[in-house]
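One structure is given here, and the rest of the page talks about it.
Quick caveat, the model's predicted, so the values are computed rather than measured.
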Amino acid sequence: TITGMMFAYFFKMIKGDFVVPNNFIGKETEYFSKQFSDLVGNPWVMIAFMVLTVVLGLLVCSLGLKNGVEKVNKFMMLALLAIIAFLAIRTMSLPGADKGLAYYLIPDFKRMAEYGVSEVVFAALGQAFFTLSIGMGSMAIFGTYISKDRRLLGESISIATLDTLVAFIAGLI
């Protein structure tokens with residue numbers, strides 16, 4: 001599973017397996033491809049991390065919605081936002097970041113004309129509708145648990161603002 005692979009990569013990172021050895025300097029892509037192949041090629045490791053993922057999921061779900069899923073979700077979302085913020089700051093501190101920021105933030109109308117304005121608009125609309133569909137499902141779930149003293153309009157504005165901010169910061173990464 002993808003989550004199992006994420007756990008495996010997390011443990012590999014802690015062990016230091018992602019520090020590129022001297023004999024792979026300049027060939028980092030090969031090194032990381034080998035790391036991936038070694039992981040996927042070992043079914044016992046994949047099974048172990050899949051079992052770990054399923055057990056953790058069962059533990060969280062066994063605690064119920066409020067004490068399990070909701071509490072874990074609050075922590076995980078804050079951790080995700082902290083990771084995104086850290087990565088954005090780190091990315092902007094790298095050499096050549098000014099060129100990357102210019103590429104990201106300054107529109108290039110010549111390239112847009114090359115691809116065709118309609119193609120660019122349809123790609124943007126596709127992203128917007130994807131985000132809206134995810135947001136709509138989340139709002140339907142969230143709406144069933146919202147207390148009576150909160151306003152849906154205010155919550156939807158907060159969520160849309162946060163979603164846009166996270167998307168913008170993810171673009172910086």
Determine, using the 4.5 Å side-chain heavy-atom cutoff (strictly less than), whether Leu78 and Leu87 are members of one ILVMFWY cluster.
no
Nearest heavy-atom approach of Ala97 to Thr91 is CB-O, 3.6 Å
Identify whether Trp44 and Val54 are in the same connected component of the hydrophobic contact network (ILVMFWY, side-chain heavy atoms under 4.5 Å).
yes
Pairwise distance CG(Asp163) to OG(Ser158) - rounded to 0.5 angstrom:
12.5 Å
Hydrophobic cluster membership, Met6 vs Leu81, 4.5 Å side-chain cutoff
no
Applying the 4.5 Å side-chain criterion to the ILVMFWY set and letting contacts propagate, would Phe86 and Phe10 be lumped into a single cluster?
no
Can you check whether Phe11 reaches Leu52 side chain to side chain, under 4.5 Å on heavy atoms?
yes
Which value, rounded to the nearest 0.5 Å, describes the distance between Leu39 atom CG and Asp17 atom CG?
10.0 Å
So do Tyr9 and Met5 actually touch side chain to side chain, heavy atoms under 4.5 Å?
yes
Enter the distance from Ile89:CD1 to Ile173:CD1 here, rounded to the nearest 0.5 Å.
10.0 Å
Does Lys110 pair with Asp108 as a salt bridge, N-O distance under 4.0 Å?
no
Exceeds 12 heavy-atom contacts within 6.0 angstrom, atom CD of Glu70:
yes
Value rounded to 0.5 Å, distance of OH in Tyr104 from CZ in Phe168
5.0 Å
Would you indicate whether the side-chain heavy atoms of Glu119 and Met112 approach each other to under 4.5 Å?
no
How long is the span from the CZ atom in Phe36 to the CZ atom in Phe32, to the nearest 0.5 Å?
14.0 Å
Tell me, please, which residues at least two apart from Arg111 pass side chain to side chain donor-acceptor pair (under 3.5 Å).
Tyr103, Tyr115
First locate atom CG of Leu101, then atom CG of Leu172, and finally report the distance between them rounded to the nearest 0.5 Å.
6.0 Å
Only counting residues at least two apart or in another chain, list the ones meeting side chain to side chain donor-acceptor pair (under 3.5 Å) with Lys99.
none
Heavy-atom count around Lys34 NZ within 6.0 Å, excluding the residue itself: above 12?
no
Is there a path of hydrophobic side-chain contacts, each under 4.5 Å between heavy atoms of I/L/V/M/F/W/Y residues, joining Leu80 to Val60?
no
